[in-house]
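Along the sequence shown, the residues carry numbers beginning at 1. The structure displayed is predicted, hence computed values, not measured ones.
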Amino acid sequence: MTKKREFDHVEDMICNVVNQKKLPFKTVLMDSWYATKRLMALIDNLEKIYYCPLKINRARR
């Protein structure tokens, strides 16, 4: 059995809230540590708004 990474758990939780629990929400707030292209694309594909501060080393200049 492969050990899941923390990002995999976050992705599972978001999908669970949307698909199984069907909780209504519009916005996802997250720490900058979770600001990955994959997670932001997932949230965007779910047509939700995401907000997370970006560290200076992750921002394009």
Side-chain angles (χ1 to χ4, degrees):
M1 187 164 109
T2 306
K3 185 176 179 181
K4 284 189 174 187
R5 297 173 299 165
E6 193 162 346
F7 293 111
D8 297 324
H9 287 293
V10 172
E11 193 172 296
D12 289 347
M13 287 188 294
I14 292 171
C15 291
N16 182 41
V17 166
V18 171
N19 298 321
Q20 293 177 343
K21 295 189 178 186
K22 302 196 185 304
L23 295 176
F25 68 97
K26 295 186 283 187
T27 307
V28 177
L29 305 176
M30 58 188 179
D31 187 81
S32 61
W33 194 83
Y34 295 101
T36 65
K37 187 175 182 180
R38 180 177 166 168
L39 284 176
M40 290 189 286
L42 170 68
I43 296 166
D44 194 48
N45 287 336
L46 293 170
E47 299 181 352
K48 307 297 182 187
I49 298 168
Y50 54 86
Y51 175 81
C52 60
L54 289 178
K55 292 183 180 182
I56 192 70
N57 65 344
R58 295 189 186 192
R60 289 188 179 184
R61 293 183 190 248

Check your understanding: Any side-chain heavy atom of L42 within less than 4.5 Å of one from C15?
Key -> yes
Point to revise | Residue pair T36 / F7, side-chain heavy-atom distance below 4.5 Å | key: yes
When rounded to the nearest 0.5 angstrom, what is the spacing between [atom1] in [X] and [atom2] in [Y]?
X   : Y   : atom1 : atom2 : value
M30 : I43 : CE    : CD1   : 4.0 Å
Y50 : L39 : OH    : CG    : 10.5 Å
L23 : F25 : CG    : CZ    : 8.0 Å

**Study point:** Pairs involving residues 10-23, ordered by first then second residue, that meet salt bridge (charged side-chain N to carboxylate O under 4.0 Å, His left out) (sequence neighbours left out)
**Key:** K4-D12, E11-R38
Point to revise | Pairs flagged by salt bridge (charged side-chain N to carboxylate O under 4.0 Å, His left out) wherever residues 40-52 is involved - sequence neighbours left out | key: none
Review point. What closest approach, in Å, do S32 and P53 show between heavy atoms, and which atom pair accounts for it?
Key: CB-O, 2.8 Å
Point to revise | Results of side-chain hydrogen bond (donor to acceptor under 3.5 Å, both in side chains) for E6 - residues two or more places apart only | key: Y34
Review point. Just by modelled atom types, is the R5 backbone N or O under 3.5 Å from a matching donor or acceptor in the D8 side chain?
Key: yes
Point to revise | Same cluster (ILVMFWY, side-chain, under 4.5 Å), W33 and M40 | key: yes
